[in-house]
Amino acid sequence: MLRYLTAGESHGPGLVTIVEGLPSGMEVTAEGIGNELARRRLGYGRGRRMALERDELEIMGGVRFTQTLGSPVAVIVRNTEWEQKWSEEMSAGPGQSRRPLTTPRPGHADLAGMVKYDTKDARDILERASARETAARTVVGYLAKQMLLGVGIEVVSHVVGIGEEMSTIDVLPTPSDLDTIDESPVRAFDSEAETRMISAI
C-alpha cells in the first residue's frame with residue numbers, strides 16, 4: 001500500500017513530500033520530478049505567480065544512484081523566495097505576524113479552517129490550502145507513475161470537457177501524444193473542443 005504525507009506552507013522554506021510503500025529498484029531522478037513540476041505550471045488562465053515560480057528540489061532520502069531503496073522517499077521543493085521575502089513573516093521561531101490576514105477570502109478554505117483551528121489569522125490556513133501546495137502532490141504523482149511504469153503501465157491524462165463544452169472525438173491519446181496535450185492551454189487532445197472550452201472559461 002502506498003501512503004504519502006506532505007508538509008510545509010506555500011510561503012515557508014519548502015514543501016516536503018514523503019511516500020512510503022514504493023518498491024526497491026524503481027528509477028527516480030530529480031530531473032524527472034522537475035519535468036512534472038514544470039508541467040504543473042502550464043495552462044490557460046495561470047496567474048503571474050505561476051510564471052514566476054521556480055522549483056528547486058532535492059531528493060532527501062529513499063533513493064540511491066537513481067534507484068529507490070524500498071524505504072520511504074523524501075523530497076523537498078524549496079521556496080526560492082523564502083530568504084528575501086518570507087523568512088520573517090513565515091518564521092518557525094519566536095515572533096508575530098507583521099501582516100496578519102483577518103478577512104477570509106470568499107470561496108477559499110480560510111473561514112472553515114480559521115474556525116476549525118481557532119485562529120484569527122487566515123494565513124495560518126491559506127498557506128496550506130494553496131495552489132502552491134500541489135507541488136508536493138505532483139511529486140507523489142510522479143512517483144506513482146514511475147511505479148506503474150515498472151509494470152508496463154503508462155499514464156496519460158487529458159481534459160475532455162469544461163462546463164458544457166465536451167470533446168467529440170472518439171480517439172484516445174497515447175503516451176506519444178503527451179507533448180500535444182501539454183501544448184494545449186486547457187490540456188485538451190481535441191483541438192476543436194479546446195477553442196470552445198477556452199470560450200466557456
Side-chain angles (χ1 to χ4, degrees), residues 2-20 28 30-62 72-145 155 157 159 162-163 182 184-187 197-198 201:
L2 281 184
R3 293 197 320 163
Y4 74 89
L5 177 69
T6 70
E9 289 71 43
S10 180
H11 294 108
L15 295 164
V16 177
T17 304
I18 298 175
V19 179
E20 69 173 351
V28 171
E31 181 183 9
I33 297 170
N35 289 341
E36 289 294 295
L37 289 169
R39 291 182 65 230
R40 172 188 158 272
R41 292 192 304 272
L42 300 174
Y44 181 76
R46 292 292 193 201
R48 216 169 61 80
R49 176 95 242 126
M50 289 294 267
L52 293 174
E53 281 179 4
R54 289 292 169 262
D55 296 311
E56 196 176 274
L57 67 101
E58 183 179 354
I59 299 171
M60 305 292 287
V73 172
V75 177
I76 183 168
V77 180
R78 289 194 171 82
N79 178 358
T80 55
E81 297 181 334
W82 160 253
E83 285 294 337
Q84 66 184 102
K85 292 186 178 178
W86 293 99
S87 59
E88 220 173 279
E89 185 63 28
M90 293 302 297
S91 171
Q96 61 184 15
S97 177
R98 289 174 141 182
R99 299 176 291 189
L101 300 174
T102 55
T103 305
R105 300 166 302 166
H108 289 72
D110 301 359
L111 180 60
M114 290 168 78
V115 171
K116 180 177 180 179
Y117 294 107
D118 193 25
T119 180
K120 293 188 177 11
D121 191 343
R123 185 169 299 285
D124 295 345
I125 308 308
L126 67 85
E127 287 289 337
R128 279 292 288 170
S130 155
R132 175 73 180 147
E133 201 275 339
T134 62
R137 293 164 194 273
T138 300
V139 173
V140 177
Y142 166 80
L143 293 170
K145 281 168 63 172
V155 176
S157 62
V159 174
I162 294 177
D182 282 350
S184 166
V186 290
R187 302 200 81 253
M197 290 178 195
I198 290 171
I201 293 170

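In this text, all values refer to a predicted model and were calculated from it rather than measured experimentally. The residues of the chain are indexed from 1 along the displayed sequence.
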Is any side-chain heavy atom of [X] less than 4.5 Å from a side-chain heavy atom of [Y]?
{"X": "Leu126", "Y": "Leu101", "answer": "yes"}
{"X": "Glu31", "Y": "Asn35", "answer": "yes"}
{"X": "Tyr142", "Y": "Val28", "answer": "yes"}
{"X": "Arg123", "Y": "Pro100", "answer": "no"}
{"X": "Val16", "Y": "Val75", "answer": "no"}
{"X": "Ile125", "Y": "Tyr117", "answer": "yes"}
{"X": "Arg132", "Y": "His11", "answer": "no"}

Could you measure the distance from the [atom1] atom of [X] to the [atom2] atom of [Y]? Nearest 0.5 Å is fine.
{"X": "Ile18", "Y": "Ile76", "atom1": "CD1", "atom2": "CD1", "answer": "10.5 Å"}
{"X": "Met90", "Y": "Glu81", "atom1": "CE", "atom2": "CD", "answer": "13.5 Å"}
{"X": "Thr80", "Y": "Glu56", "atom1": "OG1", "atom2": "CD", "answer": "6.5 Å"}
{"X": "Asp124", "Y": "Ser97", "atom1": "CG", "atom2": "OG", "answer": "8.5 Å"}

Query raised in the report: Does Glu58 CD have over 12 foreign heavy atoms under 6.0 Å away?
Result: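 Yes, CD of Glu58 has more than 12 neighbouring heavy atoms, counting only those of other groups under 6.0 Å.
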
Query raised in the report: Listed by chain and number, what are the side-chain contact (heavy atoms from CB on, under 4.5 Å) partners of Leu5, not counting sequence neighbours?
Result: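 Result, side-chain contact (heavy atoms from CB on, under 4.5 Å) vs Leu5: none returned.
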
Report task. Enumerate the residue pairs fulfilling salt bridge (Lys or Arg N to Asp or Glu O under 4.0 Å) with a member in residues 3-20, sequence neighbours excluded, ordered by first and then second residue. Result ->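 Of all non-adjacent pairs touching residues 3-20, those that pass salt bridge (Lys or Arg N to Asp or Glu O under 4.0 Å) are Arg3-Glu20.
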
SB check [X] [Y] (cutoff 4.0 Å):
{"X": "Arg78", "Y": "Asp55", "value": "no"}
{"X": "Glu133", "Y": "Arg137", "value": "yes"}
{"X": "Glu89", "Y": "Arg98", "value": "no"}

Requested in this report: Specify the closest pair of heavy atoms between Ala30 and Ile59, including all atoms of both residues, with the distance to one decimal.
Outcome: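 Taking every non-hydrogen atom into account, N-CD1, 3.7 Å.
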
**Report entry** Heavy-atom pair of closest approach, residues Met114 and Pro104
**Finding:**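 Taking every non-hydrogen atom into account, SD-CG, 4.0 Å.
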
Mark yes or no for whether [X], through its side chain, and [Y], through its backbone, hold a donor-acceptor pair below 3.5 Å.
{"X": "Thr17", "Y": "Ala136", "answer": "yes"}
{"X": "Thr134", "Y": "Ala131", "answer": "yes"}
{"X": "Asn79", "Y": "Gly12", "answer": "yes"}

Report task. For a side-chain contact (heavy atoms from CB on, under 4.5 Å) with Leu57, tell me which candidate from Val139, Ile33, Leu15 qualifies. Result ->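 For Leu57, the side-chain contact (heavy atoms from CB on, under 4.5 Å) check succeeds only for Ile33.
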
Requested in this report: Apply salt bridge (charged side-chain N to carboxylate O under 4.0 Å, His left out) to Asp121 and list each qualifying residue two or more places apart in sequence or on a separate chain.
Outcome: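 Partners of Asp121 under the salt bridge (charged side-chain N to carboxylate O under 4.0 Å, His left out) test: none.
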
Requested in this report: Before giving the answer on side chain to side chain contact (heavy atoms under 4.5 Å, CB included), spell out for Leu143 and Val73 the whole-Å C-alpha distance, their side-chain angles and the decisive distance to 0.1 Å.
Outcome: CA-CA 9 Å; Leu143 293 170; Val73 172; 4.1 Å; yes

Query - Distance-only donor-acceptor check, side chains Arg128 and Ser10, under 3.5 Å - result: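 No, no side-chain donor-acceptor contact under 3.5 Å.
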
Query - Test side chain to side chain contact (heavy atoms under 4.5 Å, CB included) applied to Arg39 and Arg187, step by step - result: CA-CA 10 Å; Arg39 291 182 65 230; Arg187 302 200 81 253; 2.4 Å; yes

Query raised in the report: Regarding Arg99 and the six-membered ring of Trp86, is the cationic atom NZ or CZ under 6.0 Å from the ring centre and inside 45° of its axis?
Result: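 Yes, Arg99 and Trp86 form such a contact.
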
